[in-house]
Amino acid sequence: MQLYEYTAHELRSLLRSGEVSAAETAEALLDRIAGTDPQLNAYITVLGDAALEQAGEADSLLKAGDGGALCGVPVGIKDNICIRGVRTTCASRMLENFSPPYDANVIELLRAQGSVFLGKCNMDEFAMGSSTETSYFGPVRNPHDLSRVPGGSSGGSAAAVAAGSAVVAIGSDTGGSIRQPASLCGVVGMKPTYGMVSRYGLVAFASSLDQIGPLARSVRDCAMVLDAIVKGDSRDTTSIMDAQDGFEARLETDMKGKRVGLPREYFAQGVDEEVRDAVLEAAKTFESMGAVCEECSLPLAEYALVAYYLVSSAEASSNLARYDGVRYGYRAHGAKDHEEMFVRSRSEGFGREVKRRIMLGAYVLSAGYYDAYYKKAQQVRTLIMRDYAALFNKYDFLLTPASPTTAWKEGARIDDPLRMYAADMCTVPVNIAGLPALVLPCGRGEGGLPIGMQIIGPARSDALVLGAGYAYEQAAGGGALRPVEVGGGQG
Amino acid sequence: MKYETVIGMEIHVELSTETKMFCGCANAFGAGENTLCCPVCAGLPGTLPVINAAAVDYCIMAGLATNCEITRHSLMDRKNYHYPDLTKGFQTSQLYYPLCRNGYVDIETGTGVKRIGIREIHMEEDAGKLVHPDGQSCSRVDYNRAGVPLIEIVTQPDMRSAEEGRVFLETLRNILLCIGISDCKMQEGSLRCDVNISVRPEGSEELGTRTETKNLNSFRSAGRAIEYEAARQVDVIEGGGRVVQQTLRYDDATGTTSALRSKEDSHDYRYFPEPDLMPIVVDEDWIARIRERLPELPETKRIRYERELGIPGRDARMLSSSRRLSAIFETAMAAGAAPRAAANWLIGDLMRMLKDRLLDTEEIGFSGEDLAALIALIDKGTISSTAGRQVLEGMLDTGKPPSKLVEELGLTQISDADALREIVKQIVRDNPKPAADYRAGKKKAMAFFTGQAMKRTKGKANPVLLQELFAKELKK
Amino acid sequence: MERKQIEDLAKLAKLEFTPEELDRFAGDMGDILGFVDKLGELDTKGVPPAAHVSGAVNVLREDVPRPSVPREDVLMGAPERDESGFIIPRVI
């Protein structure tokens, strides 16, 4: 086994026992990046020397018996999360040379663990997209098939984990941006309950929807990361201050008697048959463990996507207003006055999809339309939350596909925004309601392309969601996915 | 045709908290450019706001002091627009659920007491400062002020004259100073006022088109701007035109208003609730705690002065409306001065002296103890009340205590009867005719005698004692 | 959506577009908004807008100063600056 093939929990044992060093591990990962990234383009910035330096520090901690569970584990960080002194571009020309003078909260926590940051992962510009094709630094490719998209917006994080050029990665999820690429790339991804992970240092897209979460090759790895990054932060007032920890400790969960709901709206038309079949197979696995699976209904599911686009665009249009060329970021040259500087910097600095969302957001909030669009969407959001709450009175968790299709060909949907937005239909309702959701592989479709299933739990049931995922993983004979050969796919 | 001026105001007050509204940077004036900033108030990507608890308390205090209802479930909202002094591309403010609503302030003008409605008081944050250096093609920005907590006080359009406008501002300022939430210095920008003015034919119920006037640097400017703008609008209407709704800039030097270059016809601020900040839920306990913290408000003082101390209404209002005056008054009484005496000195002579010197009541440099000492000196007869006025001036100008001033200025009254008796005897002897007149019943002749004695003693004789001595002498 | 509407929105958002882009926008946004009118189907009378998901209230900060960051940290990303301030083209 190559070092880059191990999961974080396997590496932990090896590192603790002294069998391997953090330095060797970091080197192995950096080599793997060098070997795969020319094809994948999963990284915008690779932190070669800095990573080795961190690895050295990790080795000291390990020798002293200190450091956290992730000590010495190489991590990829999505490029919308601030690392002090490191280019944080959000895959945009607007922030091409922006280097924050501070660390995000999750970065502080991972540093405290002794993790090693391999680099900043590529993404859709400002996290707006479902295919990682809108990056200013070029698209990311799906390691299973280089002609196809990895999903988005955390496409770089997902591709790196799938290819073994990161052991675990940190992404962000606003409408499915961790879960959908995890599904398309055949890895495990989780969006925690809204508020579990501090957003301080995450460049904001849609404030009431954004959450940071892990991507990895096992459910246990995700639990390890959650243990590290779930912590109340007084700098983020949406942060939950009394979350219970011990996610890895609570992984073993008995599925006997658990009631699992399968909302029929997620299995309806729009979802490919092969995806439907794979998820229904997974349901059978839960049943074999003693769970009771049953069809149910989330009647407002179809409205979730619309509500999501209105709310997220509105918040995004406001969150991106600060990019004006005054204090940081891209500034257009030769403007004769401040107005011209604003308009040209923003028009030249932002890509097409970002501008589209800003315009939609401005419209949704504008005088005369606020009540019918933004306010209405927020009211529908309340209704959807109530829908879910009603379901969770009957069911312990829900099981759905993570994406209606497997990975599509690069370029196939970029000019069809509606089709692109529809890719999020399985994941978006979860962000609307602020619930925790885990995605893990449950089969292969045509061409060997990965299919992912999604486990959704009520708010703050992150441990249960991970537990259900873990149970499935163990029953399906997994526990550690191995990286794919880039472009070759793995059986 | 007679016209009525209708005036409303929007007053921005910088709160004197220790830190900014949404971050822990110091809230201070005069520091080096961009040295009071952090990633949050500089609007760096990824940063988030956290509300300053003291700012909320101060806003509630302002609301209670102006008789407002405190909104029980309040939100912050984003006001979206672009300007270089705005670090986030939006200002965090309150539109939908302002923290305080439906209050009032009573003012007293020449025509009596009037109630000015307060529509709302809400919290928001200040922007940075733009500087436009002369002769250069660039501008500069300093963000020290960005994020400083503000409250915006919006009145109902209840004022009808420049005098009412001015008095309202003074009264409001006194209230805010009294509760201690701001230093309210217009010159430093911690109190800013925009005035909305419209005119309409007297008797009409409909409101005319209003203009908004900015750049008012003092209460006097506000008064002048109101007068100018009202007259201008009347001219426009009488000339057959229509008043255009616009934002104007008042120029103190010329005393005129001119249109600010209009950027956009209308500002669509696209307000929506701030998703990064949680609602503020105010319960009875919270309000009770704040109420307890509030010092005695001017209105309560006024009533107390009138009813318990017997100070006449108008005087009581004047005394109570100034934080400094009422403080001196109360300290003077605590030091033994009689209320009416203390009040008379403060309202009469002192106010006159302040006006002559163009001084604010906040700038009075002597204490209540000093005033009490002055009154005691007069009561004892050490100095005359005329001399007392001189001493008061000295206290105001130099801050020295009265006893020292009496010494320095040689104002000690001659109250020694023996010393005066000689002079009295002499004057009576030297003036037989007036003496005869007095004995014959012309009591007015006394003034001649006391006048002569005053001349002889260079004004230092105790006039009361003189009268006594003359009366005795002339009886003989 | 009408051209004029898109132009006004662009002004608010401080963005500029070529005529072709504006037309394409009008098309895209028109499609999206058609999709959006669906919300009108739902009865939301009396339903509170879900402004905040976590349900917490009164999350406030004590009025205690924390050191500001060094001026360099604030200025270092500036496209144009001098020793102490941000420099921008003349403000109208």
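What's counted below: heavy atoms across the whole structure, side chains too, no hydrogens, waters or symmetry copies. Letters go in sequence order (proteins before strands), and every chain restarts at 1.
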- line: Interface check, chain C: of S137(B), P273(B), G32(B), most non-hydrogen pairs under 4.5 Å belong to S137(B)

- prompt: Between A55(B), C37(B), G128(B), P275(B), which residue shows the highest count of heavy-atom pairs closer than 4.5 Å to chain C?
  reply: C37(B)

message: Is N52(B) close to chain C through its backbone or its side chain, or both, or neither, when contacts mean heavy atoms under 4.5 Å?
response: both

field: Shortest non-hydrogen contact from A26(B) toward S68(C)
entry: N-OG, 4.3 Å

message: Testing the basics here: between V50(B) and V59(C), what is the closest heavy-atom pair and its distance to 0.1 Å?
response: CG1-O, 4.5 Å

message: Tell me if a side-chain donor or acceptor on R140(B) pairs with a main-chain N or O of F86(C) at a distance below 3.5 Å.
response: no

field: Option in P49(C), P70(C), P65(C) with maximal non-hydrogen atom pairs under 4.5 Å from chain B
entry: P65(C)

query: Near Y81(B) OH, under 6.0 Å, is it more than 12 heavy atoms from other residues, nucleotides or ligands?
result: yes

- line: By residue number, those in residues 11-20 of chain B with heavy atoms under 4.5 Å from heavy atoms of chain C are T17(B), E18(B), T19(B), K20(B)

query: Considering only heavy atoms, which portion of Y143(B) lies under 4.5 Å from any heavy atom of chain C: side chain, backbone, both, or neither?
result: side chain

Residues of residues 38-47 of chain B with any heavy atom under 4.5 Å of a heavy atom in chain C: C38(B), P39(B), A42(B)

message: Atom CD of residue position E83(C) - does it have more than 12 heavy atoms of other residues, nucleotides or ligands inside 6.0 Å?
response: no

- prompt: Would the number of heavy atoms belonging to other residues, nucleotides or ligands and lying under 6.0 Å from CZ of R72(B) be above 12?
  reply: yes

message: At a 4.5 Å cut-off on heavy atoms, which part of V74(C) comes close to chain B: side chain, backbone, both, or neither?
response: side chain

message: Within the supplied structure, the quantity of interest is the number of heavy atoms (other residues, nucleotides, ligands) at a distance under 6.0 Å from E188(B) CD; does it exceed 12?
response: yes

message: So I88(C) and S139(B), do their side chains get closer than 4.5 Å, heavy atoms only?
response: yes

query: Shortest non-hydrogen contact from H82(B) to L12(C)?
result: CD2-O, 3.5 Å

field: For chain C, the option from S74(B), A53(B), G89(B) that forms the most heavy-atom pairs under 4.5 Å
entry: A53(B)

message: Tell me whether E80(C) at atom CD has more than 12 heavy atoms from other residues, nucleotides or ligands lying less than 6.0 Å away.
response: yes

- line: Of H73(B), E274(B), Q136(B), R270(B), the largest count of non-hydrogen pairs under 4.5 angstrom with chain C goes to R270(B)

message: Which atoms of I280(B) are under 4.5 Å from chain C, going by heavy atoms: the side chain, the backbone, both sets, or neither?
response: both

message: Using a 4.5 angstrom heavy-atom cutoff, name the option from V57(C), N58(C), L60(C), D8(C) with the most pairs to chain B.
response: N58(C)

- request: Would you mind checking which part of L277(B) comes under 4.5 Å of any heavy atom in chain C, side chain (CB onward), backbone (N, CA, C, O), both or neither?
  value: backbone

query: Can you check whether A54(B)'s main-chain N or O pairs, donor with acceptor, with R61(C)'s side chain at less than 3.5 Å?
result: no

- request: Evaluate the side-chain proximity of R71(C) to E33(B): yes if any heavy-atom separation is below 4.5 Å, no if none is.
  value: yes

